[in-house]
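Okay, structure first, notes after.
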Amino acid sequence: MRIATWNVNSIRSRQEHLLRWLAAAQPDVLGLQETKVEDGLFPQAAIEAAGYETAISGQKSYNGVALLSRLPLEDVRIGFAALLPGDQEAEQLGEQKRVISASVEGVRILNLYVPNGSDLKSDKYNYKLAWLNCLNRYLTVQRQQGEPLCMMGDFNIALEDIDLANPSRHNGGIMASAPERQALRACIGTDLEDAFRLFETEAGHWSWWDYRSGAWDRDQGWRIDHIYISEELQQLAMGCMIHKSERGELKPSDHAPVSIDIGDGAEEEDNF
DNA sequence: ATGACTAGGTCACCTAGA
């Protein structure tokens, strides 16, 4: 099973990119972030025609997440509140559409668009930290359900200094500050692993390049799009890659897709 | 220290992204 995540920076501006990439990369499940469209205007028909069913949670202009799958999407859950009934903050945070999850072949897929935070001195930064704390409460409930977990999305955090091109310049700033890194590490816990780092330990691998300043041409990026998997899936993980060439297309998203290949056990036996 | 680009929305400058 190939599972992927992609911040498309507007589904309507990226529809042709998306359809081309689905055909080329053949993901079974794809989590999208920043769809930037209310549900009624989501281009569902074109995606279904490509063989993918959809689960969407969008809003006008900002945010918005979706799951696309060519395997059945089961038990779709939208927002933190789905697992945190009575949690006032989960309810509040649900105004921004950043969380969608579904079960696919027994794997719980959690697709996230973590707030950017803007600036350490801004209210948005506090919102980001509160959001991550709420994610932690959500994950406590999710873990109790005992499903293998694949948590992915645009985390807007470079966890380590090797995850950004210019750590000294951005030292402690937004997407690289200690409090947000700690808040994300608390969510990851000891059971989840950053799938990309199971296969690649070196610096120099980015998933986002700023549109400005020729960041793409200079390959000055950040690795802020992640896939975290629980222990059962770590055993079956066969590879994790960043589809960097997507960022070099005409009118690209500023993020590249990231995918993981998970064997089903039977597949591995066939290979040996 | 700031801005650069891109997208959406109300409409030609603004907010927001990261």
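Just so it is clear, the model here is predicted, and its values are computed rather than measured. So that the names make sense, note that chain A is the first sequence line, chain B the second, and so on, each numbered from 1.
Atom-to-atom, CD of A:E249 to C1' of B:dT6 comes out at 17 Å; the value is rounded to the nearest Å. Atom CD in A:Q15 sits roughly 17 Å away from atom C1' in B:dG8 (whole-Å rounding). In this entry the distance linking CD of A:Q33 with P of B:dT6 reads 21 Å, nearest Å. The separation between A:Q59 atom CD and B:dG9 atom P is 11 Å, rounded to whole Å.
Using a 4.0 Å heavy-atom distance criterion, A:R169 is classed as a base contact. Nucleic acid contact for A:S61: sugar-phosphate only, since backbone atoms but no base atoms lie under 4.0 Å from a heavy atom of the residue.
Between the base of B:dA4 and the side chain of A:S213 there is a donor-acceptor pair shorter than 3.5 Å.
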Next on the checklist: A:Q142 vs A:R77, test: side-chain hydrogen bond (donor to acceptor under 3.5 Å, both in side chains). Steps then yes/no.
Outcome noted: CA-CA 11 Å; A:Q142 179 58 56; A:R77 297 173 185 157; 3.0 Å; yes

Checklist entry - Hey, mind stepping through A:C187 and A:Y228 against side chain to side chain contact (heavy atoms under 4.5 Å, CB included) and telling me if it holds? => result CA-CA 10 Å; A:C187 293; A:Y228 294 95; over 6 Å; no

Item to check | Candidate pair A:H243 and A:W6, rule ring pair (Phe, Tyr, Trp, His ring centres under 6.0 Å), full reasoning | outcome: CA-CA 10 Å; A:H243 297 250; A:W6 194 6; 8.8 Å; no

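Pair check for B:dG9 finds B:dC13; Watson-Crick or G-U wobble, both atom distances under 3.5 Å. Base pairing of B:dA4 is not made with any nucleotide, judged by Watson-Crick or G-U wobble geometry with both donor-acceptor distances under 3.5 Å.
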Item to check | Per-nucleotide protein contact string for nucleotides 10-18 of chain B, where B marks a base within reach and S marks sugar-phosphate only (heavy atoms under 4.0 Å, - for neither) | outcome: S-----SBB

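Ion pairing between A:R197 and A:E160 fails under the 4.0 Å rule for side-chain N and carboxylate O. The residues A:K97 and A:D39 are annotated as not salt-bridged, no charged nitrogen and carboxylate oxygen being separated by less than 4.0 angstrom.
Nucleotides B:dA12 and B:dA7 are separated by 15 Å at their C1' atoms, to the nearest Å. B:dA18 and B:dG8 have their P atoms separated by 14 Å, given to the nearest Å. Distance noted for atom C1' between B:dT10 and B:dC14: 9 Å (whole Å). The same atom, P, is picked in B:dT6 and in B:dC11; the two are 25 Å apart, to the nearest Å. Spacing between B:dC13 and B:dA1 at atom P, rounded to whole Å, works out to 31 Å.
A distance of 4.0 Å separates CG in A:D261 from CZ in A:R2, rounded to the nearest 0.5 Å. For the atom pair CG of A:L30 and OG of A:S69, the computed distance is 9.5 Å after rounding to the nearest 0.5 Å.
The side chain of A:S13 contributes an N or O atom lying less than 4.0 Å from OP1 or OP2 of B:dG8.
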